[in-house]
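Note: hydrogens, waters and symmetry copies are ignored here, and every other heavy atom, side chains too, is used.
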Amino acid sequence: MFSSYDGLCTIGELAEHAGVSVKTVRFYSDRGLLPEASRSAGGHRRYAPEAVERLSMIRSLRGLDLSVPEVRRILEEQDEQDDGAGAGGALEDAVAGRLRSLGSELAALRWREAALRLVQESPPAERPGRLRLVGAVAAPPSTASLARFWRSWLPPRMPARSVTAFLEAAVPHPPEDPRPAQVLAFARLHAYVTRPCGGGGGGSCQPRAHGVAGPRASAVLYAGLAEAYDLAGGELRRGVEPCPGEALDGFVDAYASTYGAHDTSAFRRVLAGRLAADPRIDRYWDLTAEVISAPGGRPEPTPGSAHDWLLAALDTQLGTAAGCGGALDVAPGEGPASAAPPLGPDVPDGARAVSPR
């Protein structure tokens, strides 16, 4: 292949055959990727014919933007296979890692493009404010600020598994290919949760009922509410008006079970009154719906919208005394004039604060 008497080539000949510069060959050779066959009497590098193929492999791997250490591992594994040592997964691991990295890079580019379109399409008077909003959000965006908001809101010492399950439902994942409106909604959501108490003003962020229920009881409550919200979310997707049924029964039972009360008509009346008076974070859920919903389509249900649907269903049942399934069964001694509070003496007003609404 080469004209020399021993079949070896100089660094210049190898560079010419491979179509690269001498500097490139020297770079890979100095890093141990391209072994020398020998040195001439004058100390010049000499390479065997197979160096052309090895250099071509190096260039192909580097063309995929794999790092020098990754290329070294792949070549070493290839050498072991040639020696009968068996196959490994260095190439597969490197490619998979690069794909993950590219996915993150592409997500960042799509987010930046949507953010730029948002600024471009905004009225001139609104551009400075929107620039500040979107400029405070990383690309691709992180949900860490939202998770911190909810961790401060949830009962202290709540089991980690319960916290994780709640965060999965309450923290929206930014879309992979966002529209400008979704970028704006997420930026506003980030700004909302990074203000004290989520923009709710002064006072404690911690709902009073959390301290009453305790960490494990709160975990039971949230698990029951999650099931009820899933059922209510299905009704919202179907466009069903708020109505008593399985979702409402699960919702009420979550509170009754947590506080050791019975699900009676009197309990439901007191529960409805106390939940209606509870603090609200409607802005969080409105923005969440904008983030996760396709622009122009029906809003995707959130725990907040599911909670409102269930409260409306409870009000419907109590207001009509006959729900969708029939008449409301009221036992003797129950009703609005009942003396004993159905939620029990240890449950404060504002019990709704344990819900994510």
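Other residues, nucleotides and ligands contribute at most 12 non-hydrogen atoms within 6.0 Å of the CD atom of E16. Atom CZ of R179 sits in a sparse spot, with 12 or fewer heavy atoms from other residues, nucleotides or ligands closer than 6.0 Å.
Using a 3.5 Å distance cut-off with no hydrogens or angles, the side chains of S56 and E53 do not pair a donor with an acceptor.
Judged as a side chain to side chain contact (heavy atoms under 4.5 Å, CB included), and not counting sequence neighbours, the contacts of R237 are E300, P301. Residues meeting the salt bridge (Lys or Arg N to Asp or Glu O under 4.0 Å) test with E235, sequence neighbours left out: R238. In this structure E113 satisfies the salt bridge (Lys or Arg N to Asp or Glu O under 4.0 Å) test together with R117, sequence neighbours excluded. Annotation: salt bridge (Lys or Arg N to Asp or Glu O under 4.0 Å) contacts of E246 (sequence neighbours excluded): none. For S104, the side chain to side chain donor-acceptor pair (under 3.5 Å) test picks out no residue, with sequence neighbours left out.
A salt bridge is absent between E13 and R46: the closest approach of a Lys/Arg side-chain nitrogen to an acidic carboxylate oxygen does not fall below 4.0 angstrom. Taking a cutoff of 4.0 Å between a charged side-chain nitrogen and a carboxylate oxygen, D30 and R45 qualify as a salt bridge.
The two atoms that bring V291 and P172 nearest to each other are CG1-CB, 4.4 Å, heavy atoms only. In terms of heavy atoms, L314 sits closest to A272 at CD2-CB, 3.5 Å. Contact detail for V25 and Y47: the closest heavy-atom pair is CG1-OH, 4.0 Å.
Listed for the S152 side chain is a donor-acceptor partner under 3.5 Å among the backbone atoms of F149. In this structure a side-chain-to-backbone donor-acceptor pair under 3.5 Å is present from T164 to A160. When atom types are taken as modelled, the side chain of E168 and the backbone of A165 share no donor-acceptor pair closer than 3.5 angstrom. Not a single donor-acceptor pair under 3.5 Å links the side chain of S162 to the backbone N or O of M158. R31 places a side-chain N or O within donor-acceptor distance of the main-chain N or O of F27, the cut-off being under 3.5 Å. S293 places a side-chain N or O within donor-acceptor distance of the main-chain N or O of A289, the cut-off being under 3.5 Å. The closest donor-acceptor contact from the side chain of E77 to the backbone of G89 lies under 3.5 Å.
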request  = For side-chain contact (heavy atoms from CB on, under 4.5 Å), just list the numbers for V163 and R151, CA-CA rounded to whole Å, side-chain angles, deciding distance to a tenth of an Å, and then say yes or no.
outcome  = CA-CA 8 Å; V163 172; R151 288 182 186 279; 3.5 Å; yes
query = Would R148 and S145 satisfy side-chain hydrogen bond (donor to acceptor under 3.5 Å, both in side chains), going step by step from the backbone distance to the final call?
reply = CA-CA 5 Å; R148 284 194 299 270; S145 61; 5.0 Å; no
List the atom pairs, with distances to 0.1 Å, where a side-chain N or O of residues 124-136 and a protein N or O form a donor-acceptor pair under 3.5 Å, not counting sequence neighbours.
unit_1	atom_1	unit_2	atom_2	d
E126	OE1	R130	NE	3.4
E126	OE1	R130	NH2	2.9
R127	NE	V119	O	3.1
R127	NE	S122	O	3.0
R127	NH2	Q120	O	3.2
R127	NH2	S122	O	3.4
R130	NH1	S122	OG	2.9

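Residues W111 and F186 place their aromatic rings such that the two centres sit under 6.0 Å apart. Taking the six-membered ring wherever Trp is involved, the centroid distance between the rings of Y229 and H307 falls below 6.0 Å. Ring centroids of Y284 and W150 are separated by less than 6.0 Å, placing the two rings close together.
In the hydrophobic cluster analysis, where Ile, Leu, Val, Met, Phe, Trp and Tyr join through side-chain heavy atoms closer than 4.5 angstrom, L64 is grouped together with L34.
Put simply, CG on L116 and CD on E121 are 10.5 Å apart, with the number rounded to the nearest 0.5 Å. We find the CG-CG distance between D93 and L66 to be 11.5 Å, quoted to the nearest 0.5 Å.
Classification of the Y259-Y255 ring pair by plane angle, with boundaries at 30° and 60°, yields parallel.
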